Amino acid sequence: MKFRTEVDLKASEKKIEIEDRIFSIGSCFASEMSDLLGQGQLQTINNPFGTVFNPFSINTAIQRLHDSDFYTEEDLITFNEEFISLDHHTSFDTRYIHQTLEKINTKIEEGNLFLQDTNWVIITYGTSFIYEFKPKKKLVANCHKIPQKYFEKRLLTHHEITDSIYNTVLSLKDICKEDVQILFTVSPVRHTKDGMVENQLSKSKLITAVHEAVSIIENCHYLPVYEMLMDDLRDYRFYKEDMIHPNSQAVQYIFDKFGSAYFSENTQEFIKENFKINKALQHRTEDEKDPKYLDFKEKLKQKIEKQQQKVKHRIF
């Protein structure tokens, strides 16, 4: 007897190998997945613009990374004595213009270099809603807690979403490795502040547009993360206290399903062992001269060295 409906992931013909480089961009869920890839000691970089939710702003970020198009003073605004880029997350805001620009442009340089040798790109869309900053008539990625009266909120049209997706793919195929694989996901995090009905409409527009793109563009895939949480893990025990964000158990479950479908056997074993090492590294003792603890540290060091021999990039 079955008590839940599972979302089956078809095994990918193309697998993620232990030396592959993985670029991730999008919603906060993209960051959680990227964190797990990093803990598994794969080469990954996530969100050089900070958390970004809508397809238009994600495309803007990819275009700037592709062109290595640095920001200047004219690209910033000031609010509450801070210098702000409306294309970026609030984590880039500072009280000094040169600091904001340095943080932004350093990430652009890092992202551009990483993309040139990237094997996989994971794009996680969060919403179809977007805000226009009325003083500059500019569509923005983040409102930075600026009063709502300065913004106009609306849904992106289907044409705007599909154009953003296609242009993003074109830029990635131009800058990344020739056979780069692009994996699209839609974030399972519900934007309840938009309204429950509005959130469903927003997500459905994203899913429709992504499926259209995946069906006609080579080396593009769809990972049903949204469906896994909405259907497979629909119980609220898989959510954090806010009843909106998936908890660590749910994120790990989705990551494991993703790995089973997209990781090679070597990669699965590599990540599994590195997760164990990470857990062991968190172990602390009051007596660091205890012979048992010293033996534990030596064995752990040997395990790390054995893992290091499997890859060229530096781990741990």
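None of the values given here were measured: they were computed from a predicted structure.
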Quiz prompt | Evaluation steps, ring-ring contact (aromatic ring centres under 6.0 Å, His included), between F83 and H98 | solution = CA-CA 9 Å; F83 290 91; H98 70 279; 9.2 Å; no

Practice problem: Could you tell me whether the side chain of E73 reaches within less than 4.5 Å of the side chain of I97, counting heavy atoms only? | Solution: yes

Self-check item: Test of ring centre spacing under 6.0 Å for H245 and Y239
Solution: no

Quiz item: Below 4.5 Å, heavy atoms only, C-beta onward: do F70 and R64 meet side chain to side chain?
Solution: no

Quiz prompt | Polar side-chain atom of Q308 near backbone of I315 as donor-acceptor pair, under 3.5 Å | solution = yes

Quiz item: Which residue, D174, I182, V121, forms the side chain to side chain contact (heavy atoms under 4.5 Å, CB included) with V169?
Solution: I182

Self-check item: Any side-chain donor near an acceptor of the partner, S24 and N46, under 3.5 Å
Solution: yes

Quiz prompt | Approximate separation, where rounding is to 0.5 Å, of C176 SG and F23 CZ | solution = 8.0 Å

Practice problem: Drop me the distance from T168's OG1 to D163's CG, to the nearest 0.5 angstrom. | Solution: 10.0 Å

Exercise. Before accepting this row, confirm whether a basic side-chain N of the pair E110/K107 lies closer than 4.0 Å to the acidic partner's carboxylate O.
Key: yes

Self-check item: Q43 versus E19, closest heavy-atom pair with distance
Solution: NE2-O, 2.9 Å

Quiz prompt | Electrostatic pair R237:D235 at N-O distance under 4.0 angstrom | solution = yes

Quiz item: What distance separates Y71 OH from L76 CG, expressed to the nearest 0.5 Å?
Solution: 9.0 Å

Quiz item: Going by atom types only, do S91 and H89 share a side-chain donor-acceptor pair under 3.5 Å?
Solution: yes

Quiz item: Which atoms form the tightest heavy-atom contact between L86 and K138, and what is the distance?
Solution: CB-CE, 4.1 Å

Practice problem: State whether D20 and K15 are salt-bridged, where the test is any N-O pair (Lys NZ or Arg NE/NH1/NH2 against Asp/Glu carboxylate O) under 4.0 Å. | Solution: no

Practice problem: Please say which of D179, N119, N219 ends up in a side-chain hydrogen bond (donor to acceptor under 3.5 Å, both in side chains) with K14. | Solution: D179

Quiz prompt | Partner of Q41 by side chain to side chain contact (heavy atoms under 4.5 Å, CB included), out of N274, I277, I18, I304 | solution = N274

Quiz item: Under a 4.0 Å N-O cut-off, is there an ion pair linking D231 with R234?
Solution: yes

Quiz item: Taking D93 for the side chain and E82 for the main chain, is one N or O donor matched with an acceptor at less than 3.5 Å?
Solution: no

Quiz item: So, S264 versus T267: side-chain donor-acceptor pair below 3.5 Å or not?
Solution: yes

Self-check item: Under-4.0 Å salt bridge between E81 and R95
Solution: yes

Quiz item: Ignoring hydrogens and geometry, is there a side-chain-to-backbone donor-acceptor pair from T94 to Q99 under 3.5 Å?
Solution: no

Quiz item: Between the side chains of D256 and Q252, does any donor sit under 3.5 Å from an acceptor?
Solution: yes

Quiz item: Would E6 and K257 pass as an ion pair if we require N to O under 4.0 Å?
Solution: yes

Quiz item: So, H88 and N142: side-chain donor and acceptor under 3.5 Å apart, yes or no?
Solution: no

Quiz item: Say you draw a straight line from SG of C220 to CG of L172; how long is it, rounded to the nearest 0.5 Å?
Solution: 8.5 Å

Quiz prompt | Heavy-atom closest contact (N112 atom, L65 atom, distance) | solution = ND2-O, 2.8 Å

Quiz item: Is a donor on one side and an acceptor on the other found under 3.5 Å between the side chain of H66 and the backbone of L115?
Solution: no

Self-check item: Distance, nearest 0.5 Å, that separates CG of N47 from CD1 of I58
Solution: 7.5 Å

Practice problem: Check the angle between the aromatic planes of H191 and F53 and answer parallel, tilted or perpendicular using the 30° and 60° thresholds. | Solution: perpendicular

Quiz item: Should the pair E152-K137 be classified as a salt bridge under the 4.0 Å nitrogen-to-oxygen rule?
Solution: no

Quiz item: Does a donor on one side chain sit under 3.5 Å from an acceptor on the other, for Y222 and E227?
Solution: yes

Quiz item: Given side chains that start at C-beta, do those of F258 and I16 come closer than 4.5 Å, heavy atoms only?
Solution: yes

Quiz item: Are the side chain of N59 and the backbone of F56 linked by a donor-acceptor contact shorter than 3.5 Å?
Solution: no

Quiz prompt | Within-4.5 Å side-chain heavy-atom neighbours: N54 and Y125 | solution = no

Self-check item: Side-chain heavy atoms of N247 within contact of V251, under 4.5 Å
Solution: no

Quiz item: Is a donor on one side and an acceptor on the other found under 3.5 Å between the side chain of S204 and the backbone of L201?
Solution: yes

Quiz item: Would you say the ring centroid of F79 lies under 6.0 angstrom from that of Y150?
Solution: no

Quiz item: Quick one: do the T124 and S27 side chains pair a donor with an acceptor below 3.5 Å?
Solution: no

Self-check item: Close side-chain approach of K153 to D194, heavy-atom, < 4.5 Å
Solution: yes

Quiz item: So, the side chain of S215 versus the backbone of E212: is there a donor-acceptor pair under 3.5 Å, distance only?
Solution: yes

Taking only distance into account, with no hydrogens and no angle test, what donor-acceptor pairs under 3.5 Å do side-chain atoms of residues 128-135 form with protein atoms, sequence neighbours excluded?
from, atom 1, to, atom 2, distance (Å)
S128, OG, S202, O, 2.7
K134, NZ, K149, O, 3.0

Quiz item: Are any side-chain N or O atoms of T285 and backbone N or O atoms of D287, one a donor and one an acceptor, separated by less than 3.5 Å?
Solution: yes

Quiz item: Is any side-chain heavy atom of F29 less than 4.5 Å from a side-chain heavy atom of I254?
Solution: yes

Self-check item: Side-chain heavy-atom pair Q307, F270 within 4.5 angstrom cut-off
Solution: yes

Quiz item: According to the interplanar angle, ranging from 0 to 90°, do the rings of F255 and F275 count as parallel (below 30°), tilted (30 to 60°) or perpendicular (above 60°)?
Solution: tilted

Self-check item: Exercise: do D67 and Q63 side chains pair donor with acceptor under 3.5 Å
Solution: no

Quiz prompt | Residues clustered with V189, ILVMFWY side-chain links under 4.5 angstrom | solution = I244

Quiz item: What are the two closest heavy atoms between K173 and I217, and how far apart are they?
Solution: CE-CG2, 3.8 Å

Quiz prompt | Shortest non-hydrogen contact between F92 and G50, atoms and distance | solution = CE1-N, 3.6 Å

